[in-house]
Amino acid sequence: MKSTPKLLNNNDTVLLKRELFSDLQLDRVISEQTISVLQKPCTRNEIRRRNEVFELLEDGEYLEQMQNMLAVLSAAERSFYLLRDEKNSLDRYYRYREVLEGYIGSCESLASMSALGGIFADVSNYFSSEQMLSILADMKEASKRIKSLLRRLHIGLLSFSDKSWLTPDYDSVSEYDRIAQCAKALGFTVSDRKKQNIKIDFLLSDAICRLYADEISEIEAEISKFADVDLCEPFAYIPEIKFFLEINSLIKKANDTCVPHCYPRIAQVPRYVAKELYDISLLAKNCKTIVPNDSDFTENEPFCFLVGANGGGKTTYIRALGVNLVLFLSGCPVFASDAEIYPFDIVCAHFPMDERFDNIGRLDEEVNRTEVMLKTAQNKTAFLLFNETFSGTDDKRGFALLKNCAEQIRENKHFGLYVTHFYDVMSLDYPVLSAEVDFDDENKRTFRIVRSKGSASSYAMDILKKYRIDRDSLSVRRNEYGN
Amino acid sequence: MAISLLSPTQFEPGTEMVNEKIVYHLSLDRSFSYICADVKKRERFLSVVSALINDREEIIYRQDILKDFEKHPALFEQLSSLSVRFEELRLSQKNAGKGEFRLKVTGTASSAASKNILQVQALCLKRALLFIESYGEILEKYDLRSSGLTNLYKACREIYESHEFSNLIAFCSKYENFSENGTWNFRFVLSDEGHIKEYDLIDHKYIHVTDRELKKKGFSLFRKEEDPGYPCERIYPPPRDGLFESLAISAISGLSALLGSIAEQIFLKFGFLFRELVFYDVALKYINALSQKKVPICYPGFSEDQNITVRKLYDLYLLMSKEDPSSVVPNDFVIEQATDGLLVFGDNGNGKTVYLRSIGTMQLLAQAGLPIPCESAEITLFSQIATQFSEAEKDFFEDNDAGRFEQEVRELAAMVDTLKEGALVFLNETFQSTAYEEGADGLYHLLKYFSSLNIRWILVSHLRHLKDAFGPNEAKVTHIEKYKIE
């Protein structure tokens, strides 16, 4: 039999660092299992194949189909682990039947997924092959037989006195039912008994197996028929299906907050151009409104600096860039109104870390990390993100290190963004973005990332005005106070 | 369905409760304090009186039961005594339920403790069932005329003459003596997942065991019946705790709950007797007190045309409070169909309020199914009864910054909000604290409003020129002098 086909064909040569997802705070909105998928960027073709699935899932019918499939697979997996941990013989037979049913259900479900794009075609074909259908038919027969054998022993009588006995039940009526019958005949109402769900113990299991020795050996014979079948096979698809469903649910969550999404055009030359790009990691904070920003990284201006006041949304912007790029590289939609992105080979980020370095200081650690990052990106089409790198030293030294880093980036033709509070970057020959107050937004404290006007003082004035502590505002306040 | 001695259907107090103030205004609480010293009984009785009924069938239903009890005093005594013991049993059964709840909550449940509770529940149910039989046996002895008591007898007989009644008693006897050391037998049912979904006690007759160990040793002096060799297996080691203990607790508790629930239904169905017989107890005492005072007693009839004619009506409070009842002056109370209201004038101390009170008391007691102290009575039934008696100013309390007049206005406004067609209103010296003309004018419009809604009214007042405001057919005007209506 052929080996099981995969749903997701990742590029195994590149593995994005796990820290990247923490820096981008994606791990707050996405599970670890899905992050492990996002860590592996994929090829143009794979991006298209996955895009196709996500687009189909936006149709409720396909989504329901996939959710059902996940439910079937998860239930089957649960049964399998219950069987593995089961100690009592009788319970094992019940669990084994559940595992057979789970396997049959899983295979049939996977076989029926051909409508969900090319990605599912191989899987569907594999699980609907003649060989597989023959196994499933035998399994159905065996499961039915085991069920009927187990039904023979599902009622019993126990008698406890000086000796404890188990006997079969022929025609007993419980005392509860006999009394209830009398009560009903006299016009009283009797409520239904609460159903129990109690696991049997070893003693009872052992006694039942001894009492029904013939049935048990028949069950054993049925089980032995499938000793060579790998019953775990379908479970490999669970994380892959979860990936699609989780991203789909992220889309829905974003839609609820009026955040749009799109399937970017795959650029032929390196670029990262997007309109209204959102940082959806803010969904984890239950933000009611997320301010979007555009991105415009092309071969002409592949790298730029971002400066601005604290709280001006610089980190949000860098995260928006990183999050959406990572999503794009894994074939997911991006949270923007329109985008054209090149499938970069690698994405690296340098965000401040907690200061817990044993032998070296913060600056040394940052220098080391930057070197490793640039080395990793060498000879690749990389997108690099720097957030306040080299801020842990004096302005002069920090700026020198920043300048050196920027030169290496330019030399290697990398793409990227460098967020910094060193306003001297305006004197360098690089494009500079800045976070400025958006006065169109009813004077709420929102910022937009715009191409810098080249004057550092403008940010300060905006913020002073906004909080009414600029000269004019303070003058007005004085008058108000006097009155 | 639960039976009731207060109503042919199920008695539900609170359908149209008269304001407790009415009981106070009409001095019913004081009157009955002379009749029944037991405060609880008196309160229960007055609460039934306050739950106004205006259904003629329902009133006759009560009257007939009361007449049966008047005729057979021993019947009432026996039923009453039995109902007290039945109530005691109900309380002890309730405590047994609490015991089980405590075991569950404190996690101290054991099969032995559950068995004890099962025994108590079985005993309670058995006694409750036997009470039904006793009620029936008592009622069977008397020639009953009332449909209420006859229905009660039928309901009891229907239960205890059934074959299932004996079966249920037999089950109770069995579990009353359920022994910890005897054989405990259970039936289990496994679900499709192989878990226990049912676990119940069963009778030992269903257990067929062939002990192969005994067979090996087997020798007997006596010839035994041939053992067909039943399939069975021993459980090793003998399970005394763990799963089997918790399952035993669950099965025994389930059975206890079943017995408890049947007993509760019996208490619910027959527990009313204890409460409702209190009404008849006080009613009988009331009849007895009137008889001792040698006052005429009359079960009122009901007029078809809204005429009210009561001859020689006595004021109950005066009758009860005075040593010599002969000094109490009876008065007639007559209102024709066309008359909307009655204006009662008279000088202070001439008995205006007593007259109003006697009418109010009469109306309430009559609508409760009780006889009234008068020579004859044909009355009309009212859907609501309300009173507004001039009172002292209320003590200051929060949200009450109103003066006496405003307080009265508030009360009348509340009345206007709640009273509907078919009500009867008693007004005693309303608006006496305001200017004469203003009070009269205010009252006039209020009374006219009542009349327009077909709400009948009786006003005792010193505002004499009100009589000129009303036309001849709008209100009947009466004067009272030296306690006598003129």
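Naming convention: chains lettered A, B, ... in sequence-line order (proteins, then strands); numbering from 1 in each chain. As the structure is a computational prediction, the values presented were derived from the model and not from experiment.
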Test item: B:R234 side-chain N/O and A:L166 main-chain N/O as donor-acceptor pair under 3.5 Å: no
Check: A:T189 main-chain N/O paired with B:Q265 side-chain donor or acceptor under 3.5 Å: yes
Is [X] close to chain B through its backbone or its side chain, or both, or neither, when contacts mean heavy atoms under 4.5 Å?
| X | answer |
| --- | --- |
| A:R151 | side chain |
| A:R210 | both |
| A:L158 | both |
| A:D171 | both |

Segment of [X] engaging chain A (4.5 angstrom heavy-atom cut-off):
| X | value |
| --- | --- |
| B:Y175 | side chain |
| B:H204 | side chain |
| B:I266 | both |
| B:F171 | side chain |

Report the distance from atom [atom1] of [X] to atom [atom2] of [Y], rounding to the nearest 0.5 Å.
| X | Y | atom1 | atom2 | answer |
| --- | --- | --- | --- | --- |
| A:S172 | B:I207 | OG | CD1 | 8.0 Å |
| A:L186 | B:I262 | CG | CD1 | 8.5 Å |
| A:R193 | B:L258 | CZ | CG | 9.0 Å |
| A:K194 | B:S250 | NZ | OG | 8.0 Å |
| B:D200 | A:S174 | CG | OG | 4.0 Å |
| A:C209 | B:E233 | SG | CD | 10.5 Å |

Residue selection (most heavy-atom pairs with chain B, distance under 4.5 Å) from [options]:
| options | answer |
| --- | --- |
| A:V190, A:D206, A:N197, A:I208 | A:N197 |
| A:W165, A:F188, A:Y170 | A:W165 |
| A:L204, A:T167, A:D169, A:I179 | A:I179 |

Under a 4.5 Å heavy-atom cutoff, which of [options] has the most pairs with chain A?
| options | value |
| --- | --- |
| B:Y199, B:F188, B:F165 | B:F188 |
| B:I159, B:T183, B:I196, B:L168 | B:I196 |
| B:K197, B:K205, B:H163, B:E198 | B:K197 |

Derivation and outcome, side chain to side chain contact (heavy atoms under 4.5 Å, CB included), residues B:R187 and A:I155: CA-CA 7 Å; B:R187 185 180 77 141; A:I155 302 181; 4.1 Å; yes
Any A:K199 side-chain heavy atom under 4.5 Å of B:L243 side chain: no
Close side-chain approach of B:H195 to A:I200, heavy-atom, < 4.5 Å: no
Considering all heavy atoms, the nearest A:L153-B:L190 contact: O-CD1, 4.3 Å
Minimal non-hydrogen separation, B:P231 against A:P168, with atom names: O-CD, 3.2 Å
[X], [atom1]: over 12 other non-hydrogen atoms inside 6.0 angstrom:
| X | atom1 | answer |
| --- | --- | --- |
| B:E158 | CD | no |
| A:Q33 | CD | yes |
| A:Q181 | CD | no |

Verdict with supporting geometry, B:F186 and A:F160, side chain to side chain contact (heavy atoms under 4.5 Å, CB included): CA-CA 8 Å; B:F186 299 93; A:F160 302 104; 3.7 Å; yes
Salt-bridge contact A:R95-B:E193 (side-chain N to carboxylate O under 4.0 Å): no
CA sep, side-chain torsions, deciding dist, call: A:E175, B:K174, side chain to side chain contact (heavy atoms under 4.5 Å, CB included): CA-CA 11 Å; A:E175 290 289 84; B:K174 178 177 171 183; 2.5 Å; yes
Working for salt bridge (charged side-chain N to carboxylate O under 4.0 Å, His left out), residues B:D192 and A:R97: CA-CA 10 Å; B:D192 286 344; A:R97 201 188 76 80; 5.9 Å; no
From CA spacing to verdict: salt bridge (charged side-chain N to carboxylate O under 4.0 Å, His left out), A:K184, B:E164: CA-CA 9 Å; A:K184 281 178 188 166; B:E164 301 300 339; over 6 Å; no
Worked verdict on A:I198 versus B:L247 for side chain to side chain contact (heavy atoms under 4.5 Å, CB included): CA-CA 9 Å; A:I198 301 169; B:L247 286 171; 3.6 Å; yes
